Engineer: 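Got a structure for you, written out below as structure tokens; questions coming shortly.
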There are 2 protein chains.
Amino acid sequence: MTQTDAKPAASGRRESRKMSRTHAALLEALLPLLEEKAFEQITVREITARAGVGYATFFRRYPDKEALLHDLAAQEIQNLLTMTLPIFHTADTTASTEALCAYVWKHRKLWRALLTGGAAATLKEEYLRLALLVAEEQMDTDAWLPVDLAVRFCVTALVETLSWWLKHDAPPDVHVMAGIVNRLAVQPVFLPAD
Amino acid sequence: MTQTDAKPAASGRRESRKMSRTHAALLEALLPLLEEKAFEQITVREITARAGVGYATFFRRYPDKEALLHDLAAQEIQNLLTMTLPIFHTADTTASTEALCAYVWKHRKLWRALLTGGAAATLKEEYLRLALLVAEEQMDTDAWLPVDLAVRFCVTALVETLSWWLKHDAPPDVHVMAGIVNRLAVQPVFLPAD
DNA sequence: CATAAAATGATATACTGTGTATCATATTTG
DNA sequence: CAAATATGATACACAGTATATCATTTTATG
């Protein structure tokens with residue numbers, strides 16, 4: 001994910017091997033650190049030390065820690081969103097939900113780091129931002145529930161249930177988890193009956 | 001809330017008038033700051049400046065910012081939890097949910113500051129901590145949903161919907177909001193039918 | 001292969017914020 | 001009034017961020 005274009009630098013200039021190595025080293029250094037501690041208390045020094053890269057070099061590529069996290073997560077978030085959207089266009093939401101859970105489970109090492117550390121809040125915000133963009137046009141819930149609240153609820157419930165899943169000691173299998181996600185995060189939005 | 005026992009200091013020693021004034025000044029200084037910006041980017045210097053209190057004096061009472069926030073919010077969180085619990089012991093959850101929303105609306109100035117700033121995460125954690133303590137004994141959901149996940153979901157959904165409510169420009173009235181909260185945060189846990 | 005361009009490492013520096021220590025002053029308590 | 005103590009002001013050590021500089025290494029190019 002994101003081997004290229006970390007810092008497009010305006011004009012399309014290629015990334016030398018050296019830059020690529022530095023780039024990859026920083027990305028690969030963050031992941032294990034996210035498994036160890038919360039994102040907020042990871043220092044740039046730790047990242048650069050683990051990456052085997054000079055401290056100042058970090059700021060030549062990223063303006064701050066958050067940019068590195070975004071670079072690491074952006075593509076994965078987009079993927080997850082792409083798998084989330086079909087849920088709201090199908091009569092039977094079960095299949096889509098199960099596909100979503102299967103995807104997360106397949107990439108659970110990455111998602112565990114992204115969701116169970118202190119990075120979760122940042123991740124959720126970015127996810128929410130993208131989701132709200134496509135919500136107005138694509139998603140239509142019943143009038144009793146404002147669309148923006150519906151999106152917020154779904155994303156929040158999804159992130160919460162998934163992070164519970166990924167940090168659980170004896171996690172339910174994909175099918176069972178999909179059922180839970182469906183009932184907690186999806187169905188409530190589509191059950192308008194009073 | 002919490003005029004007394006901010007720092008029990010082991011042996012029960014009374015709090016002089018001077019201490020009380022300092023104590024109250026700090027608590028009352030945090031609230032307006034929370035309405036202005038996220039908790040993380042509020043500095044101790046700002047708090048003490050607004051409280052009209054020396055910088056070092058802050059650390060004589062609280063070990064850090066978080067302790068002050070906790071002191072400010074602890075009682076309110078307990079109150080909210082007390083109003084939340086009945087929801088899970090009644091057949092008709094509507095009445096309890098409505099009482100909860102009415103309470104939050106009545107204290108909306110405080111809760112808006114607590115939930116819509118960067119303090120929300122800390123608040124939610126504390127709320128969750130207390131809720132999990134009483135969950136095992138009091139709350140019983142259907143077997144398909146692990147109790148700890150049920151509690152996490154409810155608290156998360158509750159905090160999310162309430163903070164949406166409090167930061168909304170034209171917020172729904174208490175009755176309508178109670179209906180939304182009921183459907184999004186409460187019912188999903190109690191609708192076991194497949 | 002030689003040379004210019006570019007990225008890096010190492011280091012110094014400015015800055016912000018935290019938390020502690022000290023001491024003179026003001027206030028409370030007995 | 002006198003002792004105890006809370007406060008204000010200040011200095012300080014410390015950690016982390018972000019920038020700047022320059023010598024060195026690597027890469028690109030003729």
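Since the structure is predicted, the reported quantities are computational estimates derived from the model, not experimental observations. Numbers restart at 1 for each chain; the letters A, B, ... are given by sequence-line order, proteins then strands.
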Engineer: Above 12 or not: heavy atoms from other molecules or residues under 6.0 Å from NE2 of B:His168?
Structural biologist: yes
Engineer: Is there a side-chain contact between B:Thr57 and the phosphate of D:dT7, meaning an N or O under 4.0 Å from OP1 or OP2?
Structural biologist: no
Engineer: Please give me the minimum heavy-atom distance between B:Ala157 and B:Leu184, naming the atom from each residue.
Structural biologist: CB-O, 4.5 Å
Engineer: Quick one: A:Leu68 CG to D:dA18 P, roughly how many Å, whole number?
Structural biologist: 12 Å
Engineer: Which nucleotide wins on minimum distance to the side chain of A:Thr43, given the candidates C:dT18, C:dA7, D:dG16?
Structural biologist: D:dG16
Engineer: Provide, to the nearest angstrom, the distance between the NE2 atom belonging to B:His23 and the P atom belonging to D:dT7.
Structural biologist: 11 Å
Engineer: Do you see a donor-acceptor pair shorter than 3.5 Å between the side chains of A:Asp92 and A:Thr94?
Structural biologist: yes
Engineer: From the list D:dT26, C:dT11, D:dT7, which nucleotide is the closest neighbour of the side chain of A:Ala56?
Structural biologist: C:dT11
Engineer: Assess, by modelled atom type and distance only, whether the side chains of A:His107 and A:Glu76 contain a donor and an acceptor separated by less than 3.5 Å.
Structural biologist: no
Engineer: Tell me the interatomic distance from B:Arg45, atom CZ, to D:dA9, atom P, rounded to whole angstroms.
Structural biologist: 12 Å
Engineer: Atom CZ of B:Arg50 and atom CD1 of B:Ile42: how far apart are they, to the nearest 0.5 Å?
Structural biologist: 8.5 Å
Engineer: Using atom CD1 of A:Ile42 as one end and atom C1' of D:dA15 as the other, report the distance to the nearest whole Å.
Structural biologist: 16 Å
Engineer: Between A:Thr22 and C:dT8, is there a side-chain N or O to OP1/OP2 distance below 4.0 Å?
Structural biologist: yes
Engineer: Please give, in whole Å, the distance from D:dG8 P to B:Tyr55 OH?
Structural biologist: 14 Å
Engineer: What integer distance in Å separates A:Asp64:CG from C:dT16:C1'?
Structural biologist: 16 Å
Engineer: Let's see if you can work this out: which of D:dT26, D:dT17, D:dA28 has an atom nearest to the side-chain heavy atoms of A:Phe59?
Structural biologist: D:dT17
Engineer: Expressed as a whole number of angstroms, how long is the span from B:Lys65:NZ to C:dG19:P?
Structural biologist: 9 Å
Engineer: From CZ of A:Arg60 over to P of C:dA10, roughly how many Å is that when rounded to an integer?
Structural biologist: 11 Å
Engineer: Of all the nucleotides listed (D:dG8, D:dT17, D:dT27), which has the minimum atom distance to the side chain of A:Arg17?
Structural biologist: D:dT27
